[in-house]
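Working notes, structure below.
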Amino acid sequence: MPELPEVESTVLSLKQEIVSKTIIGVKATWPRMIEPYSIKNLRKQLTGLRVDAVSRRAKCIIISLADNDKPLPLALLVHLRMSGRLQVADSSRSPHPHSRVILCFADGSECRFIDPRKFGRFTLLSQEGLEQKLNQYGPEPLQSSFRAKNFYQALQSKKRSLKPLLLDQQFIAGIGNIYADESLWEAGIHPLRAADSLSFDEAKQLLKAIKRILRSAIRLNGTDFGDGVVHNGRFKPRVYGQNGKQCKRCGKELERLVVAQRGTVVCNTCQR
DNA sequence: CAAACTCCCTGTTAGC
DNA sequence: TGCTAACAGGGAGTTT
């Protein structure tokens, strides 16, 4: 499922593909993914506008819009959720059967929001609405200003266990099930540990692991899911989805447990 | 404040 | 082989 690295690599390619293109139409085969829930409104608002910029915050893709050369107080926020992806293709190529929302551009290309499970969201927001939405998210883990001291202090104020806390987008942005498990394994810390039980050094190691794993996954274009259905990256998880296999560090069998209703893979020997 | 559910969905897989 | 039921999971919302 798309997390920070997958969203980041999507944004990097979208920047190349859709910036400065003019929207001439919008199609939707599953309009319930649109917020506010109105394809007519979306079409009316977007037609004639130009894509000014594409950026990322947390797991959100932000498509900023312009009217000719004036940036508009209007943006599209795309959330891929479980199974979404954005694909740019020529309109002459027939769209994937799971295409749900399509932006049509003046040059004959299209940006297609493909999402088999329909969990994704395609939201039109004002500048204030966007700011309000993005302010709800916790710190960006890759921002250099986010240091071990900040992370340690934040952990100290929470009694929850680490796994649900890392998945909590208000606590830290962009981490999902894959990179939470990978980071905890890398740092040698158990997902059930209470946040406030970590020493400063453990918090430092965990943040270091998070940053290293996320950077590495971005460089590799996201996770390799084998079948390539969701995303075709080359990051190979060492614990996520690897239950029953041998731990790459100690050789013991990796175990699966359920933490906060989420599948979690852990090495009970390496992670304490 | 935190944990546990529920809902939204469908492709995949385990079980019979 | 072919069917059905369970499962997966991000996020928003509700209940315990």
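Every chain is numbered from 1 and lettered A, B, ... according to where its sequence line falls, protein lines coming before strand lines. Heavy atoms only: backbone and side chains are in, while hydrogens, waters and symmetry mates are out.
- Aromatic pair A:F235/A:Y240: ring centres not closer than 6.0 Å.
- Every pair passing salt bridge (Lys or Arg N to Asp or Glu O under 4.0 Å) that includes a residue from residues 120-136 of chain A is listed here, sequence neighbours excluded: A:E35-A:R121.
- For the ring-ring contact (aromatic ring centres under 6.0 Å, His included) condition, no pair includes a residue of residues 52-95 of chain A, sequence neighbours left out.
- Screening residues 180-209 of chain A for ring-ring contact (aromatic ring centres under 6.0 Å, His included) gives A:Y152-A:F200 as the qualifying pairs, with residues at least two apart or on separate chains.
- Spacing between atom CZ of A:F119 and atom P of B:dT10 amounts to 9 Å, rounded to whole angstrom units.
- Here A:F171 pairs with nothing under the ring pair (Phe, Tyr, Trp, His ring centres under 6.0 Å) rule; sequence neighbours left out.
- Residues from residues 120-140 of chain A with heavy atoms under 4.0 angstrom of DNA chain B: there are none.
- For residues 197-209 of chain A, the pairs satisfying salt bridge (Lys or Arg N to Asp or Glu O under 4.0 Å) are A:R193-A:E202, with sequence neighbours left out.
- Of all nucleotides in DNA chain C having an atom under 4.0 Å from a heavy atom of chain A, the first and last in 5' to 3' order are C:dA8 to C:dA12.
- Here the P atom of nucleotide B:dA2 and the CD atom of A:Q261 are 16 Å apart, to the nearest Å.
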Side-chain atoms of residues 258-267 of chain A: list all donor-acceptor pairs with protein atoms under 3.5 Å, sequence neighbours left out, distances to 0.1 Å.
residue, atom, partner, partner atom, Å
A:T264, OG1, A:K163, NZ, 2.8
A:T264, OG1, A:R262, O, 3.1

Please assess A:S109 against A:D90 for the test side-chain hydrogen bond (donor to acceptor under 3.5 Å, both in side chains), listing each intermediate value before the final yes or no. CA-CA 4 Å; A:S109 64; A:D90 195 88; over 6 Å; no
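- Residues A:V88 and A:E17 approach most closely at CG2-OE1, 3.6 Å, considering heavy atoms.
- Applying the salt bridge (Lys or Arg N to Asp or Glu O under 4.0 Å) test to pairs two or more places apart or on separate chains, those with a residue in residues 93-108 of chain A are A:K21-A:D107.
- One end of the helix from B:dA2-C:dT16 to B:dC16-C:dG2 points its axis 60° away from the other end's axis, with each axis taken from 5 pairs and the angle rounded to 10°.
- For the ring pair (Phe, Tyr, Trp, His ring centres under 6.0 Å) test, residues two or more places apart in sequence or in another chain that qualify with A:H98 are A:H96.
- Using a 4.0 Å cutoff on non-hydrogen atoms, the parts of residues 153-167 of chain A near DNA chain B are A:K158, A:K159, A:R160, A:S161, ordered by number.
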